[in-house]
Peer 1: 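After the structure tokens below, expect a handful of questions from me.
Heavy-atom basis, side chains included; hydrogens, waters and symmetry copies ignored.
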Amino acid sequence: MSVLEKFKLVELITTRTDAVATFITGNQIKFNSATHVDLGYPAYIQMFVDEKGKQFAIKACKENDPNAMKFSKPAGEQRYPIKLTCAPAANAVRKVMEWAQDQSMNVPGAIFADEGVIIFALEQASSPVSRGGGWAVKRQRDAEAAAAAAAEAEGTDE
């Protein structure tokens, strides 16, 4: 019996990242700022889907590589998350995961820096959590207020 029996070996190669891909309603995919930072602000990426493994991946590439998509501005210029419209990638992921077109999902990533790749585990996806702001929340609050006013008006008509 070793004194280290209850210990877990520390992995020296880390794949942990804060990168998140959000599949937004329709054909849009939003990548948070950690994504372009971790990949080194690549100007172009390629997208991949592993249907059997239920994974989505992006890889930094050159402009002339097959299916290269414009991605990030250089470091210091890219200030915001990146939002891409890519029907083939979004539809492939939605099909694999059986997500509706109006459903948004956040997917965590794992970085493989030596290959310039981030792999997003689709089975670990979760619905985005609203922070109480944005247009969708405002529209919902306005609709609730209108419904309450209509219900109150109905109650006074009797």
Peer 1: Which heavy-atom pair separates Gly109 from Phe120 by the least distance, and what is that distance?
Peer 2: CA-CD2, 3.6 Å

Peer 1: For Glu123, what residues pass the side chain to side chain donor-acceptor pair (under 3.5 Å) criterion, not counting sequence neighbours?
Peer 2: none

Peer 1: Are any of the side-chain heavy atoms of Ile118 and Phe31 separated by less than 4.5 Å?
Peer 2: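 Ile118 vs Phe31: side chains apart.
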
Peer 1: Please report the interatomic distance NE2(His36) to CZ(Arg79), rounded to the nearest 0.5 Å.
Peer 2: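 Taking NE2 in His36 and CZ in Arg79, the distance rounds to 11.5 Å.
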
Peer 1: Report yes if the side chains of Leu122 and Trp99 come closer than 4.5 Å at any heavy-atom pair, otherwise no.
Peer 2: yes

Peer 1: What pair of heavy atoms forms the shortest contact from Phe56 to Phe23, and how long is it?
Peer 2: CD2-CZ, 3.8 Å

Peer 1: Please list, chain by chain and in numerical order, all residues satisfying side chain to side chain donor-acceptor pair (under 3.5 Å) with Glu98, sequence neighbours excluded.
Peer 2: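 Side chain to side chain donor-acceptor pair (under 3.5 Å) check on Glu98 returns nothing, list empty.
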
Peer 1: Please name all residues satisfying side-chain contact (heavy atoms from CB on, under 4.5 Å) with Gln101, sequence neighbours left out, ordered by chain then number.
Peer 2: Asn27, Asn91, Arg94

Peer 1: Less than 4.5 Å apart, any side-chain heavy atom of Val107 and any of Val93?
Peer 2: no

Peer 1: Excluding sequence neighbours, so at least two apart, what forms side-chain contact (heavy atoms from CB on, under 4.5 Å) with Pro88?
Peer 2: Cys86

Peer 1: Pair up each side-chain donor or acceptor in residues 60-76 with any protein partner under 3.5 Å, not counting sequence neighbours, and list the distances.
Peer 2:
unit_1 : atom_1 : unit_2 : atom_2 : d
Glu63  : OE2    : Tyr44  : OH     : 3.4
Asp65  : OD2    : Lys62  : N      : 3.0

Peer 1: Run the side-chain contact (heavy atoms from CB on, under 4.5 Å) test against Ala100 and tell me which residues pass, sequence neighbours left out.
Peer 2: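 Ala100 satisfies side-chain contact (heavy atoms from CB on, under 4.5 Å) with Asp102, Gln103 once adjacent residues are dropped.
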
Peer 1: Tracing side-chain links under 4.5 Å among I, L, V, M, F, W and Y, which residues wind up in one group with Val20?
Peer 2: none

Peer 1: To the nearest 0.5 angstrom, please state how far the OG1 atom of Thr17 sits from the CD1 atom of Ile119.
Peer 2: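 Going from the OG1 atom of Thr17 to the CD1 atom of Ile119 covers 12.0 Å.
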
Peer 1: Checking Val96 now: which residues fulfil side-chain contact (heavy atoms from CB on, under 4.5 Å) with it, not counting sequence neighbours?
Peer 2: Val49, Glu51, Lys54

Peer 1: For Tyr41, what are the other residues in its hydrophobic cluster, where any two members join if their side-chain heavy atoms are less than 4.5 angstrom apart?
Peer 2: Val37

Peer 1: Say you draw a straight line from CD1 of Ile58 to CE of Met47; how long is it, rounded to the nearest 0.5 Å?
Peer 2: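 Taking CD1 in Ile58 and CE in Met47, the distance rounds to 7.5 Å.
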
Peer 1: In the structure I gave you, are the side-chain heavy atoms of Ser127 and Met105 within less than 4.5 Å of one another anywhere?
Peer 2: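 Ser127 vs Met105: side chains touch.
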
Peer 1: Pairs in or reaching into residues 105-121: which pass side chain to side chain donor-acceptor pair (under 3.5 Å), with residues at least two apart or in two chains?
Peer 2: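 Counting only pairs at least two positions apart or across chains, the side chain to side chain donor-acceptor pair (under 3.5 Å) contacts touching residues 105-121 are Thr22-Asn106.
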
Peer 1: So which heavy atom on Ala89 is nearest to which on Ile29, and how close?
Peer 2: CB-CD1, 4.0 Å

Peer 1: Report yes if the side chains of Thr35 and Ile82 come closer than 4.5 Å at any heavy-atom pair, otherwise no.
Peer 2: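 They are not in contact (no side-chain heavy atoms under 4.5 Å apart), so the answer is no.
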
Peer 1: Listed by chain and number, what are the side chain to side chain donor-acceptor pair (under 3.5 Å) partners of Asp50, not counting sequence neighbours?
Peer 2: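 Asp50 satisfies side chain to side chain donor-acceptor pair (under 3.5 Å) with no residue once adjacent residues are dropped.
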
Peer 1: May I ask you to list the residues sharing a hydrophobic cluster with Tyr80, side-chain cutoff 4.5 Å, ordered by chain and number?
Peer 2: none

